[in-house]
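In what follows, every chain begins at residue 1, and chains take the letters A, B, ... in the order their sequences are listed. Quick caveat: nothing in here was measured; it's all calculated off a predicted structure.
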Protein chains: 2
Amino acid sequence: MSAYSHLQMTSPATTQRTLSTAEQRRAELVEAAVRVFAERGYAAPTTEIAKAAGISQAYLFRLFPTKPDLFAAAYEVASNRMYEAFAQAAAEAKASGEDPLEAMGRAYTDLIRRDREVLLMQIHSYVGAGIDDAARAAVHRCFERLYDLLRRETGASEQEAKQWFAYGMLINVMAAIHADEVDAEWAQVLTQEPEEGDC
Amino acid sequence: MSAYSHLQMTSPATTQRTLSTAEQRRAELVEAAVRVFAERGYAAPTTEIAKAAGISQAYLFRLFPTKPDLFAAAYEVASNRMYEAFAQAAAEAKASGEDPLEAMGRAYTDLIRRDREVLLMQIHSYVGAGIDDAARAAVHRCFERLYDLLRRETGASEQEAKQWFAYGMLINVMAAIHADEVDAEWAQVLTQEPEEGDC
DNA sequence: GCCCGGAGTGAGTGACTAATCACTCAACAG
DNA sequence: CTGTTGAGTGATTAGTCACTCACTCCGGGC
């Protein structure tokens, strides 16, 4: 019978009317996909994603014809979320006369706590980029946009940009391997927040 | 670890046998596993690894009872190869009065060209670390050993060590996503070799 | 009332894959 | 020659996965 009909029956009556119901479901599905892919990687089964989204697996495949399509959409959403966080941090820093480079650096560490999924999706996409051409293109686009934003908004030099990305990658990896749960010097050093005099 | 560590045992000179010893086959299998896992990630099927090693899939499972066991062994070999490269670079630099920190940095970029598999295994293990407990432990051990080596041999400060690892992670990721094949400013900047005045 | 189209699903299917099992054969000791 | 042991395999199994299809349900237009 209705196996999981008790999940979210309270569908908001005041839904945004700009989205049709199918588009809305698609958006919900992608949100769920981000959650599950972030946790279990590309190998996450579609059944589990469908369950997380509260729909049947069959309907998942109506909304996204193939699994790579779904993964690409999830990655797109996650990398947009990251981009927006950085753009906002840069804009706010600019408005308040702060150093935008430093603000964007802080935005990264903030992102770990608030939105761990985004960083995990990033790591998983690096693996996907080694195999899937579409994933690789998406990852390259993400780096390009972020690099352009950084150079444009902060005026960082090439060397500064490189260093900024390097620390970002370190944060990504440390989050992926759960270094924060390890009680050892290396873990403490490599996950600690940057001090003031960082160079 | 110590169970399969006899890489080149003394082959019996008196008797020539057409059949290999199990230990020898195990070592060959692990070498093949490193190649295949590096290329295709944790999802690489055991049939393919067996084929690469020139043995049957059934025998693969006799030599390693489970796939995670095999992956862990492959990762161990790959990270040892990395460790040895760093240790050697540090030792040589020390002997010749060079700066060991810089030498170890150069060893990393050299490693990309010579032994790309090692870096790819590293990236793949980050994903494995999010799922498999054994893989996570292995990755943590690898970081610990490397961190200790760095601090001991180069006398780098915590901050210097952190920066060294950050650049290492950047190199890892750029290799994984094939950034070197991209013709764009971000790719060129993030993959270029470090200049002399890097800080 | 009746059709039509879109939302949504239960029940599959074929392809694969980790792991098992029953078995063969080579080598050697006695 | 014979019994034993370890190397090695073909065939199979149990389970999982991406993906499909025939179907139901429901609201709106005629």
Side-chain angles (χ1 to χ4, degrees), chain A residues 1-9 11-13 15-17 19-30 32-33 36-37 39-74 128 131-132 134-135, chain B residues 3-4 6 9 11-30 32-33 36-37 40-74 128 131-132 134-135:
Chain A
M1 293 209 188
S2 53
Y4 17 78
S5 57
H6 58 287
L7 278 173
Q8 288 273 18
M9 287 309 291
S11 179
T15 49
Q16 308 130 356
R17 51 175 80 94
L19 292 177
S20 79
T21 58
E23 283 172 275
Q24 194 177 324
R25 270 276 189 263
R26 217 189 299 266
E28 289 170 19
L29 172 58
V30 171
V36 180
F37 276 133
E39 198 181 333
R40 309 208 16 191
Y42 186 84
T46 54
T47 51
E48 201 156 320
I49 299 169
K51 202 191 293 179
I55 63 171
S56 69
Q57 189 204 23
Y59 195 42
L60 178 151
F61 277 98
R62 170 152 304 174
L63 296 175
F64 289 93
T66 71
K67 189 184 177 182
D69 288 343
L70 178 57
F71 185 81
I131 310 165
D132 185 343
Chain B
Y4 333 110
H6 0 359
M9 278 201 70
S11 55
T14 52
T15 62
Q16 50 174 358
R17 32 173 57 165
T18 60
L19 291 181
S20 311
T21 69
E23 296 304 322
Q24 199 175 322
R25 270 276 188 262
R26 218 188 297 266
E28 289 171 21
L29 172 59
V30 171
V36 179
F37 276 133
R40 307 210 17 193
Y42 187 83
T46 54
T47 52
E48 200 154 321
I49 298 169
K51 202 191 295 176
I55 63 171
S56 69
Q57 189 211 19
Y59 195 42
L60 178 149
F61 278 99
R62 169 151 306 178
L63 295 176
F64 288 93
T66 71
K67 189 182 175 182
D69 288 343
L70 177 57
F71 185 82
I131 310 164
D132 185 343

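- Axis angle, first five pairs versus last five pairs of the helix from C:dG1-D:dC30 to C:dG30-D:dC1: 20°, rounded to 10°.
- The separation between B:R62 atom CZ and D:dT9 atom C1' is 10 Å, rounded to whole Å.
- Residues B:S56 and A:T66 each lie close to DNA chain D; by heavy-atom proximity, the contact nearer the 5' end of the strand is made by B:S56.
- Within the structure, a side-chain polar atom (N or O) of B:T46 is placed less than 4.0 Å from OP1 or OP2 of C:dA18.
- Under 4.0 angstrom from either OP1 or OP2 of D:dA7 there lies no side-chain N or O belonging to B:R25.
- Taking the six-membered ring where the residue is Trp, B:Y42 and B:F37 present parallel rings, their angle staying beneath 30° rather than reaching 60°.
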- Checking side-chain contact (heavy atoms from CB on, under 4.5 Å) for the pair B:V30/B:L63: CA distance, chi angles, key distance, verdict? CA-CA 10 Å; B:V30 171; B:L63 295 176; over 6 Å; no
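- The two residues A:A33 and A:A74 make their nearest non-hydrogen contact at CB-CB, 4.1 Å.
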- Go through the steps to decide whether A:R25 and A:E28 satisfy the test salt bridge (charged side-chain N to carboxylate O under 4.0 Å, His left out), and finish with yes or no. CA-CA 5 Å; A:R25 270 276 189 263; A:E28 289 170 19; 2.9 Å; yes
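- Spacing between atom CG of A:L60 and atom P of D:dA18 amounts to 9 Å, rounded to whole angstrom units.
- Minimum atom distance to the side chain of A:P45 is reached by D:dC17, of the listed D:dC19, D:dC17, C:dA11.
- The side chain of A:Q57 approaches C:dG12 more closely than any other nucleotide in the set D:dT9, C:dG12, C:dA19.
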